[in-house]
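Positions are given from 1 along the sequence.
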Amino acid sequence: MKKIITYNVNGVRSAVSKGLLEWMQVVDPDIICIQETKAHVADIPIMLFNEIGYHVYPLSAQKKGYSGVAIISKTEPDNVVCGIDIHKYDHEGRFIRADYGDVSVVSVYHPSGSSGDERQAFKMEWLEDFTLYINELKKTRPKLILSGDYNICHKPIDIHDPIRNANSSGFLPEEREWMTRFLETGFTDSFRYFNQETQQYTWWSFRSNARAKNLGWRIDYHMVSQNLESQLKRSVILPAVVHSDHCPVLLEIDF
């Protein structure tokens, strides 16, 4: 059984300084999919991860201190693929894939549209291009685990105030409709597979003491191709830790 964690760390160097490595040694994941590394490859403390038994495979954004994803793994994968071969996305460091036998694990960081109309339009373009890419990828890599920060709450249960947030980026009707369509292409929201009635969140704004008030959003997911459903064992949101404004999400799966 594999333990896979997805975790938007909001800056990998900051997270390491706040105890990320010590936390990993306690939780002991086989694979951790990181988003928002916010560091060029040369600035990621790869040797520190190596010292506790992990290999690091990053894809950084060209812009300093921005975006970036990584897969950190106890076992060396058979193959690693960086990006989706579309420059306007890949230079932002949004997608990395590692293959383990016939199963592929992805760390993905979907864009946020909260800064304005231009980035919201970019986000919607990304979502459609991401779907096309994954549909093509499934032809050669049909067993997929797509782990990451999707920047979308799918249903009202996934957000603290669905009525007031109905026009907020991350809960827009067109974003939620995209997620429904994407799941219908053959994916399972693994947390909801096990926790159908649970109202639990993975991200809170830094504003207005939102975490203390539990004004949260569930935007971090392990999307698992339906041909792996029978191998799912558990999917839980782990307790909030000091490394980030996100919670880590754990998936346990046989492969």
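The pair Asp28-Lys3 fails the salt-bridge criterion, with no side-chain N (NZ, NE, NH1 or NH2) lying under 4.0 Å from an Asp/Glu carboxylate O. Taking the charged nitrogens against the carboxylate oxygens, Asp102 and Lys143 do have a contact shorter than 4.0 Å, which makes a salt bridge. A salt bridge between Arg119 and Glu92 is present, with a side-chain N of the basic residue lying under 4.0 Å from a carboxylate O of the acidic one. Classification of Arg234 and Glu252 as a salt-bridged pair holds, one side-chain N sitting under 4.0 Å from a carboxylate O.
Cation-pi geometry between Arg94 and Tyr109 is met: the NZ or CZ atom falls under 6.0 Å from the ring centre, inside 45° of the normal.
By the side-chain hydrogen bond (donor to acceptor under 3.5 Å, both in side chains) test, Lys2 is found to be paired with no residue, residues two or more places apart in sequence or in another chain being considered. Taking Asp90 as the reference, Ile84 meet the side-chain contact (heavy atoms from CB on, under 4.5 Å) condition, with sequence neighbours excluded. Not counting sequence neighbours, the partners of Thr198 by the side-chain contact (heavy atoms from CB on, under 4.5 Å) test are Phe191, Arg192, Asn195, Gln200.
Residues Phe130 and Phe182 place their aromatic rings such that the two centres sit under 6.0 Å apart. Aromatic ring centroids of Phe122 and Tyr89 lie under 6.0 Å apart. Between Tyr150 and Trp217, the gap from one ring centroid to the other reaches at least 6.0 Å.
The side-chain contact (heavy atoms from CB on, under 4.5 Å) with Asp189 is formed by just one residue from the set Arg218, His222, Met179; it is Arg218. The side chain to side chain donor-acceptor pair (under 3.5 Å) with Lys123 is formed by just one residue from the set Glu175, Glu118, His110, Glu174; it is Glu175.
Asp220 and Thr202 form a side-chain donor-acceptor contact under 3.5 Å, judged by distance and modelled atom types alone. A donor and an acceptor atom, one from each side chain of Ser67 and Glu36, are nowhere located under 3.5 Å apart.
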